[in-house]
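Quick notes on the structure that follows.
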Amino acid sequence: HSMEECEALCTRMAIMVNGRFRCLGSVQHLKSRFGDGYTIILRRHCSALDVSPVEEFMTSTFPGCILKEKHHSMLQYQIPASCCSLAKIFSALTNNKEKLKIEDYSVSQTTLDQVFVNFAKDQNEEEYLKDVVMHGSQYKETVKRIRTFLADDNVRESSV
């Protein structure tokens, strides 16, 4: 399902990983508890080619921030919610906007998609195999097919 649809239509959500409920709550609760904090997107004036002053400012002002993307005049950072308040983020960016040649910026909370991806990262074969042992022979044939598939060089993804 589209996470945007879920946000618009649902008052409570549950996320399952490996067939087990991992969380249940309102969309805001899931974002606050299991999200990665805030996403900051900075767009600089095209004339400002050197992004190192912005990178230095972000790492010194917001400890723990991570540069996620960097394209021409756009920088995207992830900042843990525990790092600082929204007020500090807006204050620091507004006070240094001209100095850093920032044309505009946006600050947003972790998306529901990001929360879902964080849970999906926890999904692994080991937990699935524990379920197989606990639930008996009904999974043995499925595991055999999965292992055969994973071992078949003809179906592996190509790598660079």
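Every heavy atom of this structure was used, including side-chain atoms; hydrogens, water molecules and symmetry mates were not. Source: prediction; values computed, not measured.
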Residue set satisfying salt bridge (Lys or Arg N to Asp or Glu O under 4.0 Å) with Glu69, at least two apart, ordered chain then number -> none
Does Arg33 have any salt bridge (Lys or Arg N to Asp or Glu O under 4.0 Å) partners at least two apart in sequence or in another chain, and if so, which?
none
Quick one: does Arg43's side chain get under 4.5 Å of His72's, heavy atoms only?
no
For a 4.5 angstrom cut-off between non-hydrogen side-chain atoms, does Leu75 reach Ile40?
no
Tell me, please, which residues at least two apart from Ser60 pass side-chain contact (heavy atoms from CB on, under 4.5 Å).
none
For Ser26, what residues pass the side-chain contact (heavy atoms from CB on, under 4.5 Å) criterion, not counting sequence neighbours?
Gln28, His29
Would you please name every residue forming a side-chain contact (heavy atoms from CB on, under 4.5 Å) with Glu4, sequence neighbours left out?
Ser2
Going from CZ on Arg22 to CG on Leu30, what distance comes out if it is rounded to the nearest 0.5 angstrom?
12.5 Å
Under 4.5 Å between side-chain heavy atoms, chaining through other members, with only Ile, Leu, Val, Met, Phe, Trp and Tyr counted: pull out the rest of the cluster around Met74, sorted by chain and number.
Ile41
Give a yes or no answer on whether the side chain of Thr110 reaches the backbone of Gly37 with a donor-acceptor pair at less than 3.5 Å.
yes
Determine, using the 4.5 Å side-chain heavy-atom cutoff (strictly less than), whether Ile79 and Leu67 are members of one ILVMFWY cluster.
yes
Under the side chain to side chain donor-acceptor pair (under 3.5 Å) rule, what pairs show up with a residue in residues 80-91, not counting sequence neighbours?
Ser91-Asn95
Partner set under ring pair (Phe, Tyr, Trp, His ring centres under 6.0 Å) for Phe119, not counting sequence neighbours
Phe34
What verdict does the side chain to side chain contact (heavy atoms under 4.5 Å, CB included) test give for Ile89 and Cys84, after you've listed the backbone C-alpha separation in whole Å, the side-chain angles of each residue and the deciding distance to 0.1 Å?
CA-CA 7 Å; Ile89 294 171; Cys84 53; 3.6 Å; yes
Where is the tightest heavy-atom contact between Tyr77 and Cys65, given as atom of each residue plus distance?
CD2-SG, 3.9 Å
Nearest 0.5 angstrom please: His45 NE2 to Asp104 CG, how far?
9.0 Å
Starting from the C-alpha separation in whole Å, work towards a yes-or-no answer on side chain to side chain contact (heavy atoms under 4.5 Å, CB included) for Val27 and Met13.
CA-CA 7 Å; Val27 171; Met13 290 185 52; 3.8 Å; yes
Under the side chain to side chain donor-acceptor pair (under 3.5 Å) test, which residues partner Thr39, sequence neighbours left out?
Gln78
Go through the structure and list residues passing side chain to side chain donor-acceptor pair (under 3.5 Å) with Asn118, not counting sequence neighbours.
Asp36
Any side-chain heavy atom of Glu103 within less than 4.5 Å of one from Ser73?
no
Shortest non-hydrogen contact between Gly64 and Pro80, atoms and distance
O-CD, 3.5 Å
Out of curiosity, Ser106 OG to Gln76 CD, how far, rounded to the nearest 0.5 Å?
8.0 Å
Under the side-chain contact (heavy atoms from CB on, under 4.5 Å) rule, collect the residues that match up with Tyr105, sequence neighbours excluded.
Leu42, Phe90, Leu93, Thr94, Lys97, Ile102, Val107
Which atom pairs, one a donor and one an acceptor, fall under 3.5 Å between side chains of residues 51-58 and the rest of the protein, sequence neighbours left out?
residue	atom	partner	partner atom	Å
Ser52	OG	Asp50	OD1	2.8
Ser52	OG	Asp50	OD2	3.0
Glu55	OE2	Lys70	NZ	3.0

So do Phe116 and Met3 actually touch side chain to side chain, heavy atoms under 4.5 Å?
yes
